[in-house]
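Some notes on the structure that comes next.
If you're wondering where the values come from, they're calculated on a predicted model, not measured in any experiment. Counting from 1, the numbers follow the sequence of the chain as shown.
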Amino acid sequence: MTEETWNSRQEIAEALEAAGWKGDPGNELGVLRHPSGAVWAVLNNSGDCGVDCPNGAVIDLPSGTEDAVIIATALAASGQSNPAHVAELEERADWLSWLEAAGLDNWPGTDVARDLRNAAQAAR
């Protein structure tokens with residue numbers, strides 16, 4: 001995956017982990033499962049992803065789908081949908097888009113933040 005796509009999907013993985021989803025061993029950021037039976041997975045290097053619902057439905061989400069929409073879809077599939085939380089995630093995604101448009105993803109501190117996050121994940 002490109003760095004941009006990977007970072008985008010990583011934000012989704014982190015949001016779902018915060019909501020109680022668990023990564024598959026060896027692919028912690030590419031496949032996450034919820035105790036309800038819902039599964040979210042990155043499908044290819046283009047960043048397409050999908051959600052398998054506990055009722056057997058499959059929702060394909062192309063790479064251009066906004067992070068907040070993907071997160072809301074996964075939460076709804078797992079029965080975790082909370083309109084206030086979804087609105088908050090949409091607002092954060094919008095703010096992140098503006099920060100990235102301003103060049104935040106090229107800021108030297110981005111690498112420091114990535115290293116801190118990776119160290120925290122390795123410690124889990």
Side-chain angles (χ1 to χ4, degrees):
M1 282 186 199
T2 65
E3 187 70 25
E4 181 178 330
T5 300
W6 178 252
N7 285 343
S8 174
R9 299 307 176 224
Q10 191 158 352
E11 294 294 326
I12 295 165
E14 289 172 355
L16 293 179
E17 284 179 334
W21 294 59
K22 301 291 182 201
D24 275 3
N27 194 8
E28 288 82 2
L29 297 176
V31 177
L32 282 90
R33 299 176 187 277
H34 187 264
S36 68
V39 178
W40 170 81
V42 176
L43 303 174
N44 57 40
N45 288 343
S46 297
D48 297 332
C49 61
V51 177
D52 292 351
C53 303
N55 68 2
V58 176
I59 303 166
D60 291 324
L61 300 155
S63 62
T65 306
E66 291 289 327
D67 289 358
V69 172
I70 296 170
I71 293 165
T73 300
L75 293 176
S78 67
Q80 296 178 285
S81 117
N82 174 336
H85 185 64
V86 170
E88 177 187 340
L89 292 171
E90 288 172 344
E91 186 176 321
R92 290 186 64 168
D94 182 60
W95 179 239
L96 178 61
S97 294
W98 286 107
L99 290 171
E100 288 173 342
L104 180 68
D105 52 336
N106 294 321
W107 173 59
T110 302
D111 292 332
V112 173
R114 188 175 297 117
D115 291 344
L116 290 170
R117 181 195 59 224
N118 291 340
Q121 288 175 341
R124 289 184 193 165

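Pairing each heavy atom of S46 with each of S63, the nearest pair is O-CB, 3.0 Å. Here the closest non-hydrogen pair linking A93 and A68 is CB-CB, 4.2 Å. Closest approach of L16 to A74, counting heavy atoms only: CD2-CB, 3.7 Å. When every heavy atom of A77 is checked against every heavy atom of C53, the shortest pair comes out as CB-SG, 3.7 Å.
The distance from atom CG of D24 to atom CG of L32, rounded to the nearest 0.5 Å, is 7.5 Å. A distance of 9.0 Å separates SG in C49 from CG in N44, rounded to the nearest 0.5 Å. Distance check: I71 CD1 to T65 OG1 gives 12.0 Å after rounding to the nearest 0.5 Å. Atom-to-atom distance recorded for W40:CH2 and R9:CZ is 7.0 Å, nearest 0.5 angstrom. From I70, atom CD1 reaches atom CG of L75 across 12.0 Å, with rounding to the nearest 0.5 Å. From L104, atom CG reaches atom OG of S97 across 11.5 Å, with rounding to the nearest 0.5 Å.
When hydrophobic clusters are built by joining Ile, Leu, Val, Met, Phe, Trp and Tyr residues whose side-chain heavy atoms come closer than 4.5 Å, directly or via intermediates, V69 is not grouped with V42. Put simply, W107 and L99 are part of the same group of oily side chains (I, L, V, M, F, W, Y) that touch within less than 4.5 Å, one to the next.
Remark: the W95 side chain and the E90 side chain contain no N/O donor-acceptor pair separated by less than 3.5 Å.
In this structure a side-chain-to-backbone donor-acceptor pair under 3.5 Å is missing from E17 to K22. With hydrogens and angles ignored, the 3.5 Å screen pairs no side-chain donor or acceptor of T110 with any backbone N or O of N106.
Ion pairing between a basic and an acidic side chain is recognised when a charged N comes within 4.0 Å of a carboxylate O; R117 and E14 show such pairing.
Taking 4.5 Å as the limit, every side-chain heavy atom of R114 sits out of range of all side-chain heavy atoms of V112.
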### Derivation of the side chain to side chain contact (heavy atoms under 4.5 Å, CB included) call for D48 and D60
CA-CA 8 Å; D48 297 332; D60 291 324; over 6 Å; no

